[in-house]
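Read the numbers this way: they start at 1 and go in the same order the structure lists the ligands and their atoms.
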Amino acid sequence: MTQAAQDVWAQAQEKLRERLGQQTFDTWLKPVRALSLGEDAITLKVPNQFFIEWLEGHYINVINEALTQASSRAMRVIFVPPSREGSSQPPPSERIALVPNLPVDESGLRERYKFENFVIGKSNEFAYATAYATAQAPGRLYNPLFIYGGVGLGKTHLMQAIGHFVKFKRSKAHIYYTPAENFMNEMVHAIQNRRTWEFKNKYRTLDVLLIDDIQFLSDKTQTQEEIFHTFNSLYDHRRQIVLTSDRPPKDISHLEERLVSRFQSGLVADIQPPDIETRIAILKKKAAQDGFSVPNDVIYFIAESVKSNIRELEGCLIRVAAFGSVADRELTVELAREVLKNIITGNGKKPVNIETIQKTVAGFFSLTEDNLRSKKRTKELVVPRQMAMYLCRELTGASLNDIGGRFGGKDHTTVIHAITRVKDQISSNPETAAQVERITKLVKGE
Ligand code: ADP
Ligand code: MG
């Protein structure tokens with residue numbers, strides 16, 4: 001479609017041919033066409049759904065590199081399969097695979113997560129201001145900076161923006177971004193391989209340490225201990241620490257008191273869901289970045305439909321725009337409604353399905369979804385798993401067999417047992433009742 005997209009892709013293809021050899025190239029990359037190009041994303045059309053999986057699974061890193069070289073900037077790839085009108089394909093919204101595979105640098109930072117790409121509104125201006133101030137005087141002003149807020153509201157983006165900024169000012173600064181879960185895995189690995197000294201040394205010599213989603217530490221005693229010492233060591237040397245979480249420090253369950261008090265000792269800033277003006281501004285910026293021209297009424301429709309998660313807001317925009325360009329249809333509100341009908345409901349709330357419930361319950365109890373669905377029978381898994389099954393029954397139209405199937409292939413008697421247990425618990429234990437109520441609200445996006 002656009003010449004620029006085709007030029008960039010043609011150059012990238014040349015590099016891929018050299019890198020992968022003629023045969024691989026002819027099979028997997030030659031048939032791929034460029035559709036559109038934005039500031040930091042390119043939309044590529046592939047022959048079918050299978051290509052998307054194959055390319056993602058095998059060649060995404062080399063494709064990213066080739067595109068970065070060809071366009072002299074970091075690129076994300078949006079793969080779309082061709083539309084086949086009237087065929088027995090799934091609905092359009094499900095046909096479009098999104099590959100949010102931004103390149104990550106050695107500090108763990110994503111290219112796009114910079115201050116200049118962050119739209120400021122009432123809901124996030126305080127967090128933005130404190131993050132910006134922190135970036136200008138790392139280790140001296142707000143230490144630690146603790147940012148908290150709901151899923152998809154920009155915590156990771158802001159935190160990484162601090163890293164980018166410091167790096168830009170002082171290219172030699174040691175900056176490291178890590179999700180708390182990754183910190184724990186690295187620690188466990190170091191212990192197993194008798195490399196704890198290396199591990200400690202790596203973390204304790206940083207200038208800026210960014211630890212994301214610290215609520216994951218709930219209950220992880222040994223990791224908490226290590227974070228405590230890392231924290232003290234960095235703090236004493238006036239190195240900057242930035243933390244994020246989905247809730248304020250004191251609400252993280254089973255977090256040692258001494259960590260709660262340290263996490264609160266600098267500055268705690270929250271991010272709220274964005275208002276309509278901010279959502280519109282974010283969508284406009286995103287459309288420009290991805291190279292889609294989207295009419296205002298469509299932008300407004302999407303902004304009205306998705307209220308509480310910016311990642312979803314962006315996802316909806318890409319789906320609509322990508323579908324429009326693949327099907328070669330004009331972008332209208334009607335088209336947007338059609339493409340998004342399985343994703344959003346009329347009132348802007350998410351439809352409740354088994355997946356949402358599993359995600360929410362796993363998040364609430366700081367478990368992985370895989371563990372939640374597994375057959376493992378440890379106590380910290382059994383209770384959340386039963387609760388998730390109960391909620392699936394209460395909140396979706398799924399049958400007992402469906403539910404069992406989605407929890408690692410359990411039969412319907414197991415599901416009935418789980419539901420009965422949770423019902424008993426709700427009536428006998430006010431704490432469980434309150435938990436179920438809170439999770440239900442989260443699931444419904446209330
Ligand atoms: P969180 O870490 O809070 O779950 P992220 O930082 O991952 O959320 O943000 C989700 C997506 O929304 C990212 O693509 C991010 O760039 C985008 N985003 C969030 N807030 C903003 C904002 N204020 N302006 C522009 N993009 C934003
Ligand atoms: Mg995040």
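The two residues D290 and S36 have their closest heavy-atom pair at O-OG, 4.4 Å. Between I252 and S245, the closest heavy-atom pair is CD1-OG, 3.7 Å. Between F263 and P144, the shortest heavy-atom contact is O-CG, 3.8 Å.
By the criterion of a heavy-atom distance under 4.0 Å, neither the backbone nor the side chain of T244 is placed next to ligand 1. Only the side chain of I282 comes within 4.0 Å of ligand 1, counting heavy atoms alone; its backbone N, CA, C and O stay farther away. Within the 4.0 Å heavy-atom criterion, neither part of K286 lies near ligand 1.
The protein non-hydrogen atom at the shortest distance from atom 7 (O) of ligand 1 is R311 NH2, 2.7 Å. Distance from atom 8 (O) of ligand 1 to its nearest protein heavy atom, with residue and atom name: G154 N, 3.0 Å. The protein heavy atom nearest to atom 2 (O) of ligand 1 is T156 OG1, 2.7 Å. At the shortest separation from atom 27 (C) of ligand 1 among protein heavy atoms lies I310 CG2, 3.7 Å. When only non-hydrogen protein atoms are considered, atom 25 (C) of ligand 1 lies nearest to N117 O, 3.3 Å.
In this structure, R112 counts as a contact residue of ligand 1, since one of its heavy atoms falls inside 4.0 Å of the ligand. Under a 4.0 angstrom heavy-atom cut-off, Y128 registers as lying outside contact with ligand 1. A heavy-atom separation below 4.0 Å is not found between A281 and ligand 1. Within the structure, ligand 1 has G152 among the residues with a heavy atom less than 4.0 angstrom away.
Both tests pass for R258 against the ring of F228: distance under 6.0 Å to the centre and angle within 45° of the axis.
Near G150, with a cut-off below 4.0 Å to any heavy atom, the atoms of ligand 1 are 3 (O). For ligand 1 and N124, the ligand atoms under 4.0 Å from any heavy atom of the residue are 23 (N).
Taking the centre of each ring, Y176 and Y203 come in below the 6.0 Å mark. Aromatic rings from F183 and F199 are positioned such that their centres are separated by under 6.0 Å.
Side-chain contact of R373 with Q358: a donor-acceptor pair under 3.5 Å is present, judged by distance alone. Checked by atom type, the side-chain pair Y177/D212 shows a donor-acceptor distance below 3.5 Å. Between the side chains of R385 and S374, at least one donor-acceptor pair of N or O atoms lies under 3.5 Å.
Taking each of H157, E312, E314, Q160 in turn, the one with a heavy atom nearest to atom 6 (O) of ligand 1 proves to be H157.
When T156, L153, V306, V151 are each tested for a side-chain contact (heavy atoms from CB on, under 4.5 Å) with R311, only one passes: V151.
Judged by distance alone, the side chain of Q13 and the main-chain N or O of A66 form no donor-acceptor pair under 3.5 Å.
For the pair V119 and ligand 1, the shortest N or O to N or O distance falls below 3.5 Å. At under 3.5 Å, a nitrogen or oxygen of L153, whether backbone or side chain, sits near a nitrogen or oxygen of ligand 1.
Around the Mg ion (ligand 2), the protein N, O or S atoms closer than 2.8 Å are T156 OG1, listed by chain and residue number.
Counting heavy atoms from C-beta outward, D219 and E380 have side chains that stay 4.5 Å or more apart.
The number of heavy-atom neighbours closer than 6.0 Å to CD of E116, taken from other residues, nucleotides and ligands shown, is above 12.
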Walk me through whether E226 and K200 qualify under salt bridge (charged side-chain N to carboxylate O under 4.0 Å, His left out).
CA-CA 9 Å; E226 186 58 35; K200 287 186 204 300; 3.1 Å; yes
